[in-house]
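Below is one structure, written out as structure tokens; the observations come after it.
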Amino acid sequence: MTTRHATQLGQAALRICGRWLTTVVGVAALLLLLVEMAPGDAIDLLPDGETLRAELERRWHLGRPLPERLLLWLLSALGGDLGTSWTIRPGAPVSEVLRGPALASLLRLLAALMTSAGVALALAWRSAGHASWLRRPVHVLSLAPVFLLAHLAVAGLNASAWSLMEAGWIDRPAWFALPTEPSVLRSFLAVVLLALGSTALSGLVTDLEDAIARLRHAPFVLAARGRGEPVDPMILRNLVPVAAALLADRLAFFVGGLVILEKVLLLGGAGSLLWRASLERDVALVLAIGVGTGLVVATGRLASDALRAYADPRLTTAPTR
Amino acid sequence: MSIGRMLLSSWSPSRHRLREPGTVLSAIVLLTVVVAGLVAPLLGYEPGLDVDPSRISEGPSVSALMGTDHLGRSVGWRLAHACRAFTLPGLLAAITALVLGVPAGAVAGWRTGLLASTVRVLLDIVSAVPRLVLVLLVCTIFGPGFVTLALAAGLAYAPTLADSIRVRVRDLRLAGHVDAWTTHGLSTPRILWLHLVALGCGRLVIRRLLELFAFVLVLETTLSYIGGFGVPEPTPSWGNMLAFDWGHDGHLVPLVAPAVALWATLAATARVASVFAECET
């Protein structure tokens, strides 16, 4: 690697990390600003806020200006202190309340992203550049909101299981009508429905079809084909940064969809915790989950940008002078 | 050519797409839903006062074309009245997104340097928060309600609208037309707001507003289905109709009708939006 090349990569890395940092700090500032805009102050949102006012004002630095509070919140967050829960588990550290559910949600999100990318790639590879009967059904299915898909899936499964039980063909399944017990089936449903619904799949397929069609006619692919080399691995390799960018663009939609699915399918996770915290006005927890979702989206963008910068030949094979 | 005619021709989709049966059907579905949302409350239907124990779970009849639900309420009336739950928030969200998104996108696309970079960073920040999370946070702080929901949806969608306009204005600025207009003596505000934004981005804005309408529809039905922040019973919403009617014995229409209506409206909106998308370039 030449010095010039290393400098270019370093500049790209700095730019990408700067964008990530700006986004994360900006999201925290935006959400703190929204909390600040609440009528009265944050303590007014608590059911027994007035009795604890003096203590909470000191702990939440309410008398200080917003930029100072943002800085203090960020510094505390860097040290792992996201404040304490107001109503869900009063007095418990938010980081402790959030740790387990956040991990479960993150795993579901990654599984849904991989599923969506895999299915979209398979469909797009088959239909890119020519008419396909699959396009319309995928589009129609993908239009449905995730809550509707979840509703139909649960209703269909329960009705089918009930019919089979009545006919004496099966015993009562473990997941049947036991909504509060953890279930692998419901987690599986959440991943599949998240990967398919709310136009996630349809949009990905369309964009990947365009990218594959473009790559198949790219000069370097045509030249490789002329030399008799296999071109599919070459196309797939060049498709990775494109697919990563498309997924990163849709990451916020996936996170939103997961929040809905965890609530509808009664799964434990950061999404269902966010619903509960919103209903019970646990602003500290909502704020932490909000910033956490922003962090996930910003990190997804960072990974996509880094992959593109690494794979882009204009950057990695720039000529030295 | 007058400005009105210029706007009309630059905003309307191509005529051959408008004549396609699918597009006509989609436009009819969309118009019906919007008109129902605006007009249904004027027709004297009172949610909560329509419970009729003598007509529980009746099939379709002349007096109730889609039958009645488990409380004897007309499914057709409730379906029509439920359009109000997302039509008015959709309109308010569109105004919010236009007010926030169009100036931000136009300035970021027209200017270069610090101002444009700052607007882009701000758009980046707002778009990094998932829309649903932003809406939930706003509802947590300001309390649930029709206006809160609409403003939050408009705020959450503004970055998408602004970014589309930014890219379009930047492309038009770099295409060379601006130099020609400047040479003809047109002022900068006229070039930017009339030629680039109003004439150059008209179809793009219409498409994005249709997508925003679909977003508000999905958001409202989701929140009403789950409960807590959406439309509470007995006021009808397609979301709470799906949730509330489930698990009661009777015919299938009360369960199927809201799902079909939701799916059909989303499909119609996507179809009409795609007609405008094809005419953008």
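Keep in mind it's a predicted model, so treat the numbers as computed, not measured. By convention in this document, chain letters (A, B, ...) are assigned in the order of the sequence lines, proteins followed by strands, and residues within each chain are numbered from 1.
- Residues A267(B) and L143(A) share a closest heavy-atom pair of CA-CD1, 3.4 Å.
- To the nearest 0.5 Å, atoms CD1 (I260(A)) and CG (L223(B)) are separated by 7.5 Å.
- Within 6.0 Å of CZ in R271(B) there are more than 12 heavy atoms belonging to other residues, nucleotides or ligands.
- Interface remark: L34(A) contributes backbone and side-chain atoms alike to the contact with chain B (heavy atom separation under 4.5 Å).
- Neither the backbone nor the side chain of L122(B) comes within contact range of chain A; no heavy atoms are under 4.5 Å apart.
- Atom CZ of R170(B) is surrounded by more than 12 heavy atoms from other residues, nucleotides or ligands within 6.0 Å.
- The distance from atom CD1 of I141(B) to atom CG of L287(A), rounded to the nearest 0.5 Å, is 8.0 Å.
- In this structure, chain A has no heavy atom under 4.5 Å from any part of T269(B).
- Residue with the most contacts toward chain B among V286(A), V296(A), L295(A): V286(A) (heavy-atom pairs, distance under 4.5 Å).
- Taking the six-membered ring where tryptophan is involved, the planes of H151(A) and Y225(B) are perpendicular, since the angle between them exceeds 60° and thus also 30°.
- For a residue to count as touching a neighbouring chain, one of its non-hydrogen atoms must lie under 4.5 Å from one of that chain's; by this rule V140(A) touches chain B with backbone and side chain alike.
- Taken from CD1 in I226(B) to CH2 in W275(A), the straight-line distance is 4.0 Å, to the nearest 0.5 Å.
- Of all the heavy atoms in F229(B) and L279(A), the pair that sits closest is CZ-N, 3.9 Å.
- Shortest non-hydrogen contact noted between D124(B) and R301(A) is O-NH1, 3.2 Å.
- Contacts between A270(B) and chain A at a heavy-atom distance below 4.5 Å involve the side chain alone, from C-beta outward.
- Here the straight-line distance linking atom CG of L152(A) with atom CG of L255(B) works out to 10.5 Å at 0.5 Å rounding.
- Residues of residues 127-139 of chain B lying under 4.5 angstrom from chain A, judged on non-hydrogen atoms, are S127(B), A128(B), V129(B), P130(B), R131(B), L132(B), V133(B), L134(B), L136(B), L137(B), V138(B) by number.
- For L148(A), the part sitting under 4.5 Å from any heavy atom of chain B is the side chain, from C-beta outward, and nothing else.
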